Amino acid sequence: MNMKYELPLDDEVERLRKKMIEIASNQGFASQESVEVSQELDLLLNKMQMEHQV
């Protein structure tokens, strides 16, 4: 999965984190949309971690 981000990675993490909290608050943590945003956030955090290891 090759995602393209419009914001710097740390800003994108914050945007997704807020989105995930909002969705989970409205639909529950186990909703399909919550899970999808959570997975996207995980991928982004992994990418940030790998970039900081280089």
Side-chain angles (χ1 to χ4, degrees):
M1 176 181 254
N2 189 10
M3 291 181 278
K4 193 173 189 180
Y5 301 103
E6 295 180 18
L7 299 171
L9 288 180
D10 54 340
D11 291 339
E12 190 67 22
V13 165
E14 185 63 19
R15 183 190 71 78
L16 284 174
R17 186 186 69 78
K18 288 178 181 178
K19 180 178 179 180
M20 186 179 65
I21 290 169
E22 181 179 333
I23 293 167
S25 295
N26 293 325
Q27 299 178 22
F29 286 99
S31 74
Q32 182 65 33
E33 193 173 0
S34 290
V35 171
E36 289 172 1
V37 173
S38 176
Q39 290 172 339
E40 186 178 355
L41 182 57
D42 287 344
L43 289 172
L44 189 59
L45 290 169
N46 289 337
K47 180 177 180 172
M48 283 181 65
Q49 183 177 15
M50 291 190 66
E51 287 182 2
H52 282 79
Q53 288 178 355
V54 174

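We're numbering straight along the sequence, starting at 1. Quick caveat: nothing in here was measured; it's all calculated off a predicted structure.
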Side-chain donor-acceptor distances from residues 18-26 under 3.5 Å, at least two apart:
residue	atom	partner	partner atom	Å
Ser25	OG	Ile21	O	2.8
Asn26	ND2	Glu22	O	3.1

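Rounded to the nearest 0.5 Å, atoms CG (Leu41) and CD (Glu14) are 9.5 Å apart. How far CD of Glu12 is from CD of Glu40: 7.0 Å, rounded to the nearest 0.5 Å.
For the pair Val37 and Leu16, the tightest heavy-atom approach, listed with the atom from each and the gap, is CG1-O, 3.7 Å. Considering every non-hydrogen atom in both Ser34 and Gly28, the closest pair reads OG-O, 2.9 Å.
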